[in-house]
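Nothing here was measured: the structure is a model prediction, and the numbers come from that model.
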Protein chains: 2
Amino acid sequence: MHPTVDVSESGLTERQKDVLDAALALLVEAGDTLTMTSVARRASCSKESLYKWFGDRDGLLTATVQWQALKVRGVPVDPEAFNLASLTAGLEGFAADWLRVLSGNISVALNRVAVGHAGSDKHDLGAIVLENGPFAMARRLKPLLQLGRETGLLEFQETDEAFRTFFGLVVRDVQIRLLLGDRLGLNETAIDRDARRATQQFLALYGINTNQARNGHQS
Amino acid sequence: MHPTVDVSESGLTERQKDVLDAALALLVEAGDTLTMTSVARRASCSKESLYKWFGDRDGLLTATVQWQALKVRGVPVDPEAFNLASLTAGLEGFAADWLRVLSGNISVALNRVAVGHAGSDKHDLGAIVLENGPFAMARRLKPLLQLGRETGLLEFQETDEAFRTFFGLVVRDVQIRLLLGDRLGLNETAIDRDARRATQQFLALYGINTNQARNGHQS
DNA sequence: GCCGTACCGTACCGTACGTTACGGCGGGTT
DNA sequence: AACCCGCCGTAACGTACGGTACGGTACGGC
């Protein structure tokens with residue numbers, strides 16, 4: 001067995017990870033039009049190896065998407081001292097993170113190819129992106145929401161409904177517009193501003209004893 | 001000149017419209033994998049005519065998307081007696097319409113192919129869907145919002161911000177999940193319920209003298 | 001030194017599909 | 001009737017690309 005086999009929980013060798021990184025870069029550059037030949041050339045590997053490692057083109061794409069998903073495992077936030085300030089900070093940080101990811105080249109490219117494949121017979125990529133996108137976001141956020149409810153800061157019946165409302169307030173039309181090719185330059189200050197606005201609006205809808213105005217204007 | 005040339009504001013003959021309807025149906029069935037041969041067969045026309053009429057494959061797709069966009073010109077709503085009830089009804093109707101369109105097969109298929117093409121060099125389809133999707137929705141809704149502000153029912157500074165918030169409250173994660181292949185059966189009752197919820201939440205955020213609870217729980 | 005393994009580079013094959021060309025036909029015009 | 005025009009159906013062409021095969025190389029094990 002090779003000494004370089006660092007399979008740490010992904011079943012991939014370093015060489016294969018490099019190949020997937022190359023595929024990821026090509027996916028961002030060329031979208032779904034990337035060819036097996038182009039991946040092999042970019043990664044300086046042979047097509048034979050690509051087929052041996054990943055089976056076929058779809059296997060390569062699937063492995064690439066999963067590899068990227070593995071790299072963005074989120075950072076959980078659950079402090080012990082929990083109050084309105086930490087809840088607000090948690091929501092804002094979450095919203096900002098999500099907007100940053102959404103507006104990144106990699107996310108846009110991956111969602112594009114996954115959406116395309118969801119239309120075909122092969123729903124694999126769509127399911128994977130769904131699992132590591134919206135669903136993963138829900139799994140990460142729901143504990144925070146429930147903690148807010150348990151501590152009397154939030155009031156809602158269905159956690160899922162509350163999450164989806166927060167999702168809507170954060171994402172709005174940003175993702176679909178980016179996917180459709182709209183430029184929509186989202187710089188860091190705009191992201192922070194949007195994160196704060198979405199959080200304030202969410203608290204206005206689901207918060208209990210927030211002493212702010214009823215409508216969601218920030219500052 | 002032919003007697004059957006009914007070019008009414010689209011520059012298309014009836015025969016060509018039939019062809020585009022066939023292409024639309026194939027787009028829904030097969031997604032972006034539709035071939036020129038399949039369109040010709042479905043529409044019982046020759047490939048030579050397809051190329052003569054639409055130039056090339058992208059021209060056919062573009063014409064198909066525009067043809068569908070032309071068919072869904074919305075119905076504006078601006079009654080003379082304007083009060084909170086009519087504003088609420090207008091927003092609810094709008095939200096329900098939009099959710100119905102979004103969750104339809106045609107919309108999902110068209111957005112899929114447009115998203116795919118936005119990743120390629122050809123941004124045409126993405127721009128068209130953008131123009132006839134989110135942007136058209138904004139153009140249709142903004143007069144209603146501004147009327148609400150003028151009559152003192154709503155309060156906001158930027159119409160665009162208010163619209164985008166309403167968009168987020170209505171659409172939430174529905175569109176991206178559908179595009180990624182999530183089933184998410186949205187029947188008529190669920191659409192009506194979501195439309196009411198989104199409207200109540202929007203009024204809770206931007207309404208002025210609504211005497212309901214601060215949070216957006218419906219009923 | 002010899003072998004097996006893993007891999008690179010490249011040439012090759014088969015096919016699908018966009019695009020073009022051609023023969024035939026019906027219907028309107030002169 | 002003779003002709004033209006638009007269209008259908010189909011055959012043919014060119015190419016791009018997924019997938020495979022093969023020769024060559026480096027390297028670790030015996």
Checklist entry - Is the closest side-chain donor-acceptor distance between A/Gln200 and A/Arg196 under 3.5 Å? => result no
Checklist entry - Can you find a donor-acceptor pair, distance only, under 3.5 Å between A/Glu48 side chain and C/dC7 base? => result no
Next on the checklist: Using whole Å, what does the distance between atom P of nucleotide D/dC17 and atom CG of A/Asp56 come to?
Outcome noted: 17 Å
Next on the checklist: If you only use heavy atoms from C-beta on, which nucleotide in C/dC8, C/dT20, D/dC8 is closest to the side chain of A/Arg15?
Outcome noted: C/dC8
Next on the checklist: Treating B/Thr33 as the side-chain partner and B/Ala30 as the backbone partner, does any N or O pair qualify as donor plus acceptor under 3.5 Å?
Outcome noted: yes
Item to check | side-chain N/O B/Arg57 vs C/dT20 OP1/OP2, d < 4.0 Å | outcome: no
Checklist entry - Which pair of non-hydrogen atoms, one from A/Ser103 and one from A/Ile191, has the smallest distance, and what is that distance? => result OG-CD1, 4.2 Å
Checklist entry - Do NZ/NE/NH1/NH2 and the carboxylate oxygens of B/Arg57 and B/Asp32 come within less than 4.0 Å? => result yes
Checklist entry - How many Å lie between CG on B/Leu26 and P on C/dC17, as a whole number? => result 13 Å
Checklist entry - A/Gln16 has an atom CD; how far is it from atom P of C/dC8, in whole Å? => result 10 Å
Next on the checklist: I need the full list of ring pair (Phe, Tyr, Trp, His ring centres under 6.0 Å) pairs touching residues 171-203 of chain A, with sequence neighbours left out, sorted by first then second residue.
Outcome noted: A/Phe166-A/Phe202, A/Phe202-A/Tyr206
Checklist entry - Quick one: B/Leu60 CG to C/dT19 P, roughly how many Å, whole number? => result 10 Å
Checklist entry - So which of residues 28-47 of chain A are in contact with DNA chain C, with a heavy-atom cut-off of under 4.0 Å? => result A/Ser44, A/Cys45, A/Ser46
Next on the checklist: When you measure from the side-chain N and O atoms of B/Trp53 to the phosphate of D/dC7, is any distance below 4.0 Å, counting only OP1 and OP2?
Outcome noted: yes
Item to check | Heavy-atom check, side chain of A/Arg172 versus side chain of A/Asp194, under 4.5 Å | outcome: yes
Item to check | Between D/dC17 (P) and A/Asp58 (CG): distance, integer Å | outcome: 16 Å
Checklist outcome for this item: Atom CG of B/Leu50 and atom P of D/dT10 are separated, to the nearest Å, by 15 Å
Checklist outcome for this item: When rounded to whole Å, the NZ to C1' distance for the pair B/Lys52 and C/dC22 reads 14 Å
Item to check | Any residue meeting side-chain contact (heavy atoms from CB on, under 4.5 Å) with A/Val28, in chain and number order, not counting sequence neighbours | outcome: A/Asn105, A/Ile106, A/Ala109
